[in-house]
Amino acid sequence: MPQNTPKAIRGTQDIFGPEAEAFAFVVETFERVRRLYRFRRAEMPVFEKTEVFSRAIGETTDVVSKEMYSFEDRGGDSLTLRPEFTAGIARAFLTNGWQQHAPLKLATHGPLFRYERPQKGRYRQFHQIDAEIIGAAEPQADVELLAMADQLLKELGIEGVTLHLNTLGDADSRENWRAALIEYFGGVKGDLSEDSQDRLEKNPLRILDSKDRRDQQFVADAPKIDDFLTDEALGFFDSVTSGLDAAGVNWKRAESLVRGLDYYRHTAFEFIPDEGSAAADTLGAQSTVLGGGRYDGLMESLGGPATPAVGWAAGIERLAMLVEDRGEPLADVIVVVEDDARMSDAISALGKLRGSGMSADLFAAGSTRKRFDKAVKSGARSIVAFDVRDGEPTHRIKADESDTPRLEALLR
RNA sequence: GCGAUCGUAGCUCAGUUGGUUAGAGCGCCGGUUUGUGGUACCGGAGGUCGGGGGUUCGAGACCCCUCGAUCGCCCCA
């Protein structure tokens with residue numbers, strides 16, 4: 001390997017071949033399904049003022065201080081490569097007057113950037129598909145969004161993945177629950193893992209999904225959000241679950257599923273591989289395939305009017321890992337030049353084939369003797385070979401009987 | 001930021017307790033089978049064994065450092 005060649009940045013990847021096909025399949029399927037649900041396509045810049053993300057996400061977290069790609073541009077503004085879609089979409093919604101379209105169903109996909117240690121299914125530049133419904137306070141919006149996610153996963157052929165669903169309640173429910181958790185875990189602080197003792201200060205909800213056994217023993221008896229839900233919050237959650245049942249979406253209550261950021265309200269969800277499933281095995285520790293929730297508090301943190309919204313995102317790389325290997329498509333036709341004197345005829349034929357909608361490639365390099373062999377070996381559906389025999393131009397078509405007349409006609 | 005495992009041809013890997021000019025398969029290039037064909041055979045190109053230092057008469061193998069990859073922890077918007 002050339003030692004003088006610059007290496008790719010850590011955590012970035014070059015996707016090629018069957019993996020690139022799987023990646024494209026995920027995106028194409030998403031585009032198709034989002035049309036079925038009438039989500040409108042949007043494109044946002046990959047970078048924004050740092051403020052967009054720091055205000056949306058909350059200044060204090062590690063996330064902002066350590067895990068964003070931020071830099072100063074020549075004008076001295078702090079800019080950041082987008083680490084998520086939601087904040088940028090919210091900014092676009094507010095700055096472009098998209099309120100007029102509310103409730104607005106939006107879909108997008110593209111690269112995101114997070115300064116993290118790469119591991120299985122986690123990269124510094126990664127890609128997500130994303131769907132949001134902005135300006136809809138009704139639980140039906142949550143149902144709609146989840147039904148789309150469910151159908152998408154089915155159409156991708158991904159099995160053994162279940163929707164885990166929870167509610168964080170409204171702002172009051174959430175705050176009371178949080179206080180109860182702090183009190184409860186504070187009481188057993190000395191027996192918690194070191195990490196969770198820190199979490200008690202920074203992010204107490206996260207103790208609930210700690211991987212440490214020392215913490216897990218206390219989780220079962222921890223205060224439940226259900227005991228803190230207001231009637232309104234409870235009613236909202238009931239509407240979501242009954243809507244999912246009506247839509248035929250299979251789900252499972254996950255009381256420990258939480259969101260750290262304050263702007264999340266009500267519904268929180270993740271599609272997670274079932275324990276012991278092939279999907280769980282494939283994804284390793286990064287198990288969540290698709291996740292999201294309701295973020296009714298976000299628009300205000302960006303200086304906008306209170307605007308209810310709900311959305312989800314899913315990592316394309318992770319989905320691609322779960323999609324069946326599709327290989328790369330074989331050529332409809334390979335055109336072989338067995339005598340270089342026929343090059344022009346071959347190029348002309350190639351144009352006609354492609355113009356008629358057939359995928360075609362030209363084999364005209366290397367040993368003339370081996371070109372046909374290579375064409376056969378490529379697995380192409382048909383082969384058209386141009387040669388010169390006894391001073392006369394000839395061609396030969398190797399194809400199914402059904403294809404041969406069409407090719408003959410086209411080459412005439 | 002922390003930890004574990006791993007870096008030998010384009011790819012997948014061998015390389016015995018440290019011992020001559022570092023190997024195989026696949027792929028690539030060329031040539032035979034005077035050719036209608038995914039075959040077989042022959043030949044060829046391609047490696048400062050990730051990099052640096054050390055131990056030794058001698059290091060791809062052992063030690064240290066460094067870089068990178070993979071997986072996990074933290075974090076997860």
Side-chain angles (χ1 to χ4, degrees), chain A residues 1-13 16-17 48 52-69 80-90 112-124 126 128 130 193-199 202-203 205-207 209-212 257-264 268 270 281-288 291-293 295 297-298 301 311-313 315 318 330 334 336 338-339 363 365-380 383-385 387 389 394-399:
Chain A
M1 153 181 353
Q3 45 188 263
N4 197 17
T5 304
K7 285 167 290 199
I9 306 296
R10 178 197 289 267
T12 65
Q13 35 171 0
F16 172 72
E48 299 271 358
V52 170
F53 304 110
S54 61
R55 283 173 63 178
I57 294 166
E59 297 280 359
T60 58
T61 57
D62 277 18
V63 165
V64 169
S65 52
K66 294 157 76 170
E67 310 206 359
M68 296 201 313
Y69 271 98
T80 294
L81 299 180
R82 65 183 180 195
E84 60 159 21
F85 280 115
T86 310
I89 289 175
L112 303 171
F113 306 84
R114 295 181 186 176
Y115 194 90
E116 296 185 294
R117 193 83 173 195
Q119 53 184 292
K120 191 169 194 164
R122 279 184 99 163
Y123 307 94
R124 288 187 172 181
F126 60 106
Q128 286 188 340
D130 181 279
S193 67
E194 296 77 11
D195 286 330
S196 281
Q197 294 185 26
D198 287 345
R199 286 193 268 245
K202 289 196 268 182
N203 200 351
L205 306 204
R206 281 283 166 202
I207 299 174
D209 57 9
S210 168
K211 290 173 183 171
D212 197 301
L257 196 163
V258 295
R259 293 278 107 98
L261 304 183
D262 289 339
Y263 61 66
Y264 281 103
E270 294 181 6
D281 207 46
T282 304
L283 291 177
Q286 265 55 55
S287 53
T288 299
Y295 52 95
L298 173 61
S301 67
W312 58 249
R318 285 187 203 174
L330 302 173
I334 298 291
V336 179
E338 297 207 84
D339 186 314
F363 282 19
S367 164
T368 49
R369 283 194 170 181
K370 289 181 175 167
R371 290 176 192 173
F372 197 96
D373 284 340
K374 279 199 250 177
V376 172
K377 209 173 171 183
S378 78
I383 297 171
V384 176
D387 202 354
R389 290 292 172 81
T394 64
H395 71 266
R396 191 173 104 80
I397 295 175
K398 179 181 179 343

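Quick note on labels: first sequence line is chain A, next is B, and so on, each numbered from 1. Scope of the values below: all heavy atoms of this structure, side chains included, with no hydrogens, waters or symmetry mates.
A donor-acceptor pair under 3.5 Å is formed between the side chain of A/Ser378 and the backbone N or O of A/Ala375. Using modelled atom types, one side-chain atom of A/Arg55 and one backbone atom of A/Ser301 make a donor-acceptor pair closer than 3.5 Å. The backbone N or O of A/Ser287 lies less than 3.5 Å from no partner atom in the side chain of A/Arg318, so there is not a single donor-acceptor pair.
B/rC28 atom C1' lies 9 Å from atom NZ of A/Lys374, rounded to whole Å. Straight-line distance from the CZ atom of A/Arg122 to the P atom of B/rC74: 10 Å, rounded to whole Å. Atom CZ in A/Arg199 sits roughly 10 Å away from atom C1' in B/rC73 (whole-Å rounding). Straight-line distance from the CZ atom of A/Arg371 to the P atom of B/rG30: 9 Å, rounded to whole Å. In this structure, CZ of A/Phe16 is placed 16 Å from P of B/rG10, rounded to the nearest angstrom. Taking atom CZ of A/Phe53 as the reference point, atom P of B/rC75 lies 23 Å away to the nearest angstrom. B/rC74 atom C1' lies 6 Å from atom CG of A/Asp195, rounded to whole Å. A/Tyr123 places its OH atom 10 Å from the C1' atom of B/rU70, with the value rounded to the nearest Å.
Of the candidate nucleotides B/rG31, B/rC2, B/rC76, B/rC2 has the atom lying nearest to any side-chain atom of A/Arg117. Comparing atom distances between the A/Ser367 side chain and each of B/rG72, B/rC75, B/rG31 picks out B/rG31 as nearest. Closest to the side chain of A/Pro118, from the set B/rU70, B/rC71, B/rC75, is B/rU70. Nearest to the side chain of A/Arg114, among B/rC76, B/rG31, B/rC75, sits B/rC76.
Among the heavy atoms of the strands lying under 4.0 Å from A/Tyr264 are primed sugar atoms or P, OP1, OP2 only; no base atom is included. At the heavy-atom level, A/Asp198 lies nowhere under 4.0 Å from the strands shown.
For the pairing with A/Arg114, the side-chain contact (heavy atoms from CB on, under 4.5 Å) check across A/Arg124, A/Glu84, A/Arg82 returns one residue only, A/Glu84.
Look at A/Lys211 and you won't find any side-chain N or O under 4.0 angstrom from OP1 or OP2 of B/rC76. Remark: A/Gln119 is not in phosphate contact with B/rC71, judged by side-chain N or O atoms under 4.0 Å from OP1 or OP2. Listed pair A/Arg10 / B/rG68 meets the phosphate criterion, a side-chain N or O lying under 4.0 Å from OP1 or OP2.
Stem analysis of RNA chain B (at least three stacked-register Watson-Crick or G-U pairs, each with both distances under 3.5 Å) gives B:1-7 with B:67-73, B:10-13 with B:23-26, B:28-32 with B:40-44, B:50-54 with B:62-66.
A/Asp339 CG to A/Arg389 CZ: the interatomic distance, rounded to the nearest 0.5 Å, is 10.0 Å. Note that the CD atom of A/Glu338 and the CZ atom of A/Phe363 stand 12.5 Å from one another [nearest 0.5 Å]. The OH atom of A/Tyr115 sits 13.0 Å away from the CG atom of A/Leu81 when rounded to the nearest 0.5 Å. A distance of 9.0 Å separates CG in A/Asp195 from NZ in A/Lys202, rounded to the nearest 0.5 Å.
For the C1' atom pair drawn from B/rC62 and B/rG43, the interatomic distance equals 40 Å after rounding to whole Å. Comparing the C1' positions of B/rA9 and B/rC75 gives a spacing of 40 Å, expressed to the nearest Å. Here the separation of B/rG60 from B/rA22, taken at their C1' atoms, is 8 Å to the nearest Å. Rounded to whole Å, the C1' atom of B/rC11 lies 11 Å from the corresponding atom of B/rC28. To the nearest whole angstrom, the two P atoms, one in B/rU32 and one in B/rU36, are 15 Å apart. Of the P atoms belonging to B/rU16 and B/rU8, the separation is 15 Å, rounded to the nearest Å. Between the C1' atoms of B/rC41 and B/rC49, the separation comes to 32 Å (whole Å). B/rC42 and B/rG47 are spaced 24 Å apart, taking the P atom of each and rounding to whole Å.
When every heavy atom of A/Glu270 is checked against every heavy atom of A/Thr288, the shortest pair comes out as OE1-OG1, 2.8 Å.
For the pair A/Tyr295 and A/Arg259, the minimum side-chain heavy-atom distance is 4.5 Å or more.
Place A/Arg259 and A/Ile9 on RNA chain B by their nearest nucleotides, and A/Ile9 ends up nearer the 5' end.
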Evaluate side chain to side chain donor-acceptor pair (under 3.5 Å) for A/Ser196 paired with A/Arg199, printing each intermediate quantity in order. CA-CA 5 Å; A/Ser196 281; A/Arg199 286 193 268 245; 3.3 Å; yes
Which nucleotides of nucleotides 35-40 of chain B have their base under 4.0 Å from a protein heavy atom (B), which only their sugar-phosphate (S), and which neither (-), written as one string 5' to 3'? -BBB--
